[in-house]
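What follows is one structure encoded as structure tokens, with my remarks underneath.
Order of the sequence lines sets the chain letters (A, B, ...), proteins ahead of strands, with each chain counted from 1. Only this structure's heavy atoms are used, side chains among them; waters, hydrogens and symmetry mates stay out.
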Amino acid sequence: EAGVAQSPRYKIIEKRQSVAFWCNPISGHATLYWYQQILGQGPKLLIQFQNNGVVDDSQLPKDRFSAERLKGVDSTLKIQPAKLEDSAVYLCASSLTRSDTQYFGPGTRLTVL
Amino acid sequence: SQQGEEDPQALSIQEGENATMNCSYKTSINNLQWYRQNSGRGLVHLILIRSNEREKHSGRLRVTLDTSKKSSSLLITASRAADTASYFCATDEGSGNTGKLIFGQGTTLQVKP
């Protein structure tokens, strides 16, 4: 069974530029999550989707971050414009349902200069 | 916000020794999960313990949960060099299993061959 796929694996941008990350969850998984992991810390949930609807985005900085899962399968997370403090690893995870184990992708390491 | 506090922040042991990591949390939970993260890789789910369980085993892993003290411990027995990684506890809080995980800061474990 294929795992959670993410791309790109690495991205370096200048501050005030925009960037997008892509995630393809495990087939059949209804719930998809985006986490931000700053160096030396644990992951922090940014947004949770159930199929193509947002369940929780309370910790998403909505002035600059946006995410969508239009067809209820793959998802895109965008940052526009990026700030220095957005440098982190962005992890995507998926689970069969909200109460099931979450499986994580390898992450995208973002560096904002 | 981060719920879990892990202790110690870093641990270094010899191969064959046991490693114990502790996690404390603040609010009532549905379940507590432990994850492992190897350098440069995504998170791997290790074990889940529900709020009505006190102890759980999986191979060389033993997890305990004390809801009265709001704490959990992860014991890795007969450690191997391959166990070198960061270990995170994550709690699923609130009413019902929401899937909204709150991670601790993690314990970095180094197992010397």
For B:L48, what are the other residues in its hydrophobic cluster, where any two members join if their side-chain heavy atoms are less than 4.5 angstrom apart?
none
Short side-chain donor-acceptor distance under 3.5 Å, A:Q37 and B:Q37:
yes
Pairs of donor and acceptor atoms involving the side chains of residues 12-25 of chain A, under 3.5 Å and at least two apart or interchain, shall be tabulated with distances.
unit_1: A:Q17; atom_1: OE1; unit_2: A:E14; atom_2: N; d: 2.8
unit_1: A:W22; atom_1: NE1; unit_2: A:D74; atom_2: OD2; d: 2.9

Is it true that, when you exclude A:L113 itself, more than 12 heavy atoms of the residues, nucleotides or ligands shown sit nearer than 6.0 Å to its CG?
yes
Can you confirm whether more than 12 heavy atoms, excluding those of B:R80, are under 6.0 Å from its CZ atom?
no
Tell me, do B:Y35 and A:Q102 make a side-chain contact under 4.5 Å, heavy atoms counted?
yes
Testing the basics here: between A:S58 and B:K100, what is the closest heavy-atom pair and its distance to 0.1 Å?
OG-NZ, 3.6 Å
With a 4.5 Å limit on heavy-atom distance, are the side chains of A:L45 and B:L101 in contact?
no
